[in-house]
Peer 1: 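Take this structure first; my questions come after.
Ligands are counted one by one from 1 in listed order, and the atoms in each one are counted from 1 as well.
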Amino acid sequence: MTSTPEDEPGDTEFSLETYRREGLISPPGAEPAAHDGTGRVQLSFTVEDKEAPATQRTVRVPPGVSVFDSASWNGIAIDSTCGGHGTCHKCKVRVSPVTPVTRHDARTFSPAELDVGWRLACLVQATRDHDVVVPPLVTRPKAATVGVGRQVILRPAVQKRYVELTEPTLEDQRSDLARLLDAIDDLEPVPDLHALRRLPKVLREADFKVTAVIVDEALVDVEPGDTTATRYAIAFDLGTTTVVATLLDLVTGTPVGVASMLNKQQPFGADVISRISATMLDPAALGRLQVAASQTLATLAEQVCREGGVDPAQVYEAALAGNATMTALLLGIDPEPLGVAPFVQTTATPPAVLASEVGLELHPGARLALFPALGAYVGGDIVAGMLATGMDRDKRVRLFIDVGTNCEIVLSDGERILSTAAPAGPAFEGGAIRCGMRAADGAIEVVKLGDDVELGVIGDVEPRGLCGSGLVDAVAELVKAGLLDATGRFATDEVAKEIAPTLADRLTYIGQERVFVLHRERPDSDPAESVVLSQRDVRELQFAKAAISTGWTLLMEQLGLEHGDLQQVLLAGSFGSYLSAASAVRIGLVPQLPVLRIVAAGNVAGEGAKMALLSIRERAGALALLEEVTYVELSDRPDFNDRFVDLLAFPT
Ligand code: FES
């Protein structure tokens with residue numbers, strides 16, 4: 001009987017307890033470790049390479065994390081075929097100061113080697129600062145680059161093992177299952193009924209040469225022959241507006257299909273509050289919202305499988321990052337407590353469910369892993385975003401802003417991480433704006449003011465309205481030109497003629513309201529039929545940006561930080577990716593910083609979902625964030641209103 005470990009065995013449980021048990025984080029109340037007093041220990045890696053000079057990397061991790069995992073989290077590859085379980089004896093490193101010798105170390109190294117600090121990396125817990133030398137790799141582990149510059153060593157929850165079993169005899173009457181489990185005894189999976197039903201036939205038809213398919217701790221299938229080269233999973237970003245699916249090849253870590261579409265829940269309202277209200281007004285709405293979400297995911301799953309040429313039955317797992325309301329609605333959980341004070345979730349850590357339970361037609365045993373959430377308004381999508389941007393693993397002072405109707409803000413000073421949510425309202429989505437529209441064909445997305453108005457329009461068609469990035473640009477350019485003052489009031493005709501004579505005739509009125517005409521068919525077109533920015537639109541934007549800037553201002557005050565301390569501002573989400581950094585700075589939506597420090601982070605929720613599928617370590621990292629991040633409630637802060645009023649003005 002032989003077993004060919006195509007995959008690294010590893011732990012497969014998605015629970016904080018496992019994370020603790022495995023020493024990835026310290027248990028509550030653990031002995032304080034010897035470190036620099038910042039809550040982290042520092043590991044200075046020297047990574048040797050046969051073909052290149054050694055490289056140095058310093059990482060900071062919570063005390064108690066193994067050296068192997070510290071390296072893995074930070075994209076430093078250490079030899080291993082057991083995935084950190086202490087059984088392959090391949091993860092050799094040299095540590096100083098030396099650490100206690102385990103029995104596995106004693107079996108692996110000579111006394112002389114032990115004396116100079118050779119140890120198995122997965123058995124060394126980093127309880128103080130260490131120097132670690134990593135010898136050149138003998139077998140290069142597979143890794144994938146995802147998120148914002150994150151390298152993830154592939155260690156999916158979906159594992160396959162090809163085994164060639166001895167056939168039963170009168171002398172060997174072990175059950176089929178015992179025969180199989182004996183061959184993969186390092187994994188100890190629990191069989192699904194589907195796998196048991198298939199087992200006798202598949203074993204005999206395939207001459208007892210089969211592949212066991214394991215997801216987390218479940219044996220989900222037994223396939224004839226060697227199918228270890230085909231393993232797929234789908235990462236979903238379930239947004240309130242847009243839903244994105246990425247089909248991943250788990251063998252290579254690469255995407256093989258991507259698709260997106262509008263969330264089919266749109267008819268119930270554009271934002272989470274309208275959808276929660278819908279369930280409060282009509283008891284049948286929850287079921288309909290659940291079906292709409294399921295259908296959205298199912299449609300996308302079908303599209304990505306078609307695009308990737310993959311049989312959906314070869315998709316063994318999915319991961320989903322969504323805000324707390326989207327997650328609750330998908331699971332058919334009453335979202336009402338999320339929408340009314342004191343804003344409570346049913347659970348912060350939704351359990352993995354069968355993908356079929358949410359209407360996904362993948363492999364019958366496929367699991368759906370759901371991201372945990374920090375609070376009713378800092379949901380799984382933001383936890384996924386933090387994972388993808390490495391907010392908890394970067395020493396830099398960084399601010400993460402996901403701009404939307406509800407804006408989520410995370411601030412890290414390299415040691416402490418705070419998060420909050422700010423209700424920005426619908427302005428950035430084009431809502432409550434006279435000519436506002438979503439970012440679709442005909443939306444003005446870029447505005448430049450010179451002698452004339454220069455517009456960038458999505459789809460290069462006749463402008464029909466203004467989307468969020470266009471709105472921010474328009475206001476920023478008008479402030480720059482002096483046609484809007486710091487309080488957000490349009491200039492008088494006299495002032496406009498003096499400071500911007502070629503633009504002055506665009507400042508006019510619709511009824512009693514002052515407007516600036518951004519696009520008109522002819523110079524004499526009726527402003528009411530043109531694309532305009534109104535005084536009320538400017539006010540809406542001021543309210544939205546003041547809500548957001550109050551959020552990050554209060555977080556920065558709490559950590560004692562000034563604008564100049566920020567080394568990076570990450571703008572997340574689809575809106576953040578299109579926003580002009582210069583315009584965001586000019587209107588005070590983000591701190592006053594050089595634009596090079598402001599980075600569009602893209603769809604980080606989707607990237608986080610991919611990471612969770614590619615690495616169970618990263619998935620556990622998402623759970624650890626629940627303990628590492630402090631949620632700050634803004635609504636009951638006595639200083640909130642004063643700050644908000646101060647920040648309505650544009651920076652001068
Ligand atoms: Fe296999 Fe450490 S990783 S023994």
Side-chain angles (χ1 to χ4, degrees), residues 2-13 18-25 41 43 45-49 57 59 61-96 98-111 113-114 116-127 130-144 151-161 183-189 214 216-217 228 250 253 614-621:
T2 58
S3 156
T4 54
E6 178 68 24
D7 305 290
E8 297 164 356
D11 72 53
T12 52
E13 194 177 324
T18 302
Y19 203 54
R20 287 204 180 100
R21 198 169 61 230
E22 298 232 330
L24 293 176
I25 56 172
V41 292
L43 299 176
F45 285 94
T46 301
V47 184
E48 297 177 340
D49 192 314
R57 286 280 301 281
V59 306
V61 293
V65 174
S66 76
V67 166
F68 183 85
D69 285 316
S70 307
S72 167
W73 286 1
N74 289 281
I76 298 168
I78 295 181
D79 263 327
S80 161
T81 52
C82 80
H85 273 230
T87 55
C88 72
H89 294 200
K90 289 199 164 126
C91 58
K92 298 173 181 174
V93 295
R94 211 169 68 236
V95 277
S96 101
V98 294
T99 56
V101 175
T102 67
R103 64 190 167 86
H104 293 282
D105 292 321
R107 270 198 253 141
T108 310
F109 301 106
S110 68
E113 286 174 326
L114 292 171
V116 295
W118 282 101
R119 299 288 185 273
L120 293 174
C122 65
L123 301 177
V124 178
Q125 294 210 337
T127 52
H130 283 289
D131 290 330
V132 182
V133 176
V134 181
L137 292 175
V138 178
T139 54
R140 191 168 286 274
K142 293 170 237 154
Q151 237 221 350
V152 172
I153 294 177
L154 299 184
R155 202 172 156 201
V158 177
Q159 303 187 49
K160 280 190 168 185
R161 284 293 183 84
I184 51 171
D185 60 354
D186 55 325
L187 294 178
E188 297 179 0
I214 296 113
D216 277 345
E217 290 182 332
T228 50
L250 295 176
L614 295 176
S615 161
I616 51 167
R617 296 283 175 197
E618 296 294 344
R619 196 180 299 188

Peer 1: Show me which atoms of ligand 1 lie under 4.0 Å from any heavy atom of H89.
Peer 2: 1 (Fe), 4 (S)
Peer 1: Donor-acceptor pair, distance only, cut-off 3.5 Å: does the side chain of R119 make one with the backbone of V95?
Peer 2: no
Peer 1: What closest approach, in Å, do D105 and P100 show between heavy atoms, and which atom pair accounts for it?
Peer 2: OD2-O, 4.1 Å
Peer 1: Which heavy atom of I78 sits nearest a heavy atom of A71, and at what distance?
Peer 2: CD1-CB, 3.6 Å
Peer 1: Hey, which atoms in ligand 1 end up nearer than 4.0 Å to a heavy atom of C122?
Peer 2: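 That gives atoms 2 (Fe), 3 (S), 4 (S) of ligand 1.
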Peer 1: Short list, please: which atoms of ligand 1 are under 4.0 Å from a heavy atom of C91?
Peer 2: 2 (Fe), 3 (S), 4 (S)
Peer 1: Looking at every non-hydrogen atom in both residues, tell me the closest pair between R94 and V116 and how far apart they are.
Peer 2: CG-O, 3.3 Å
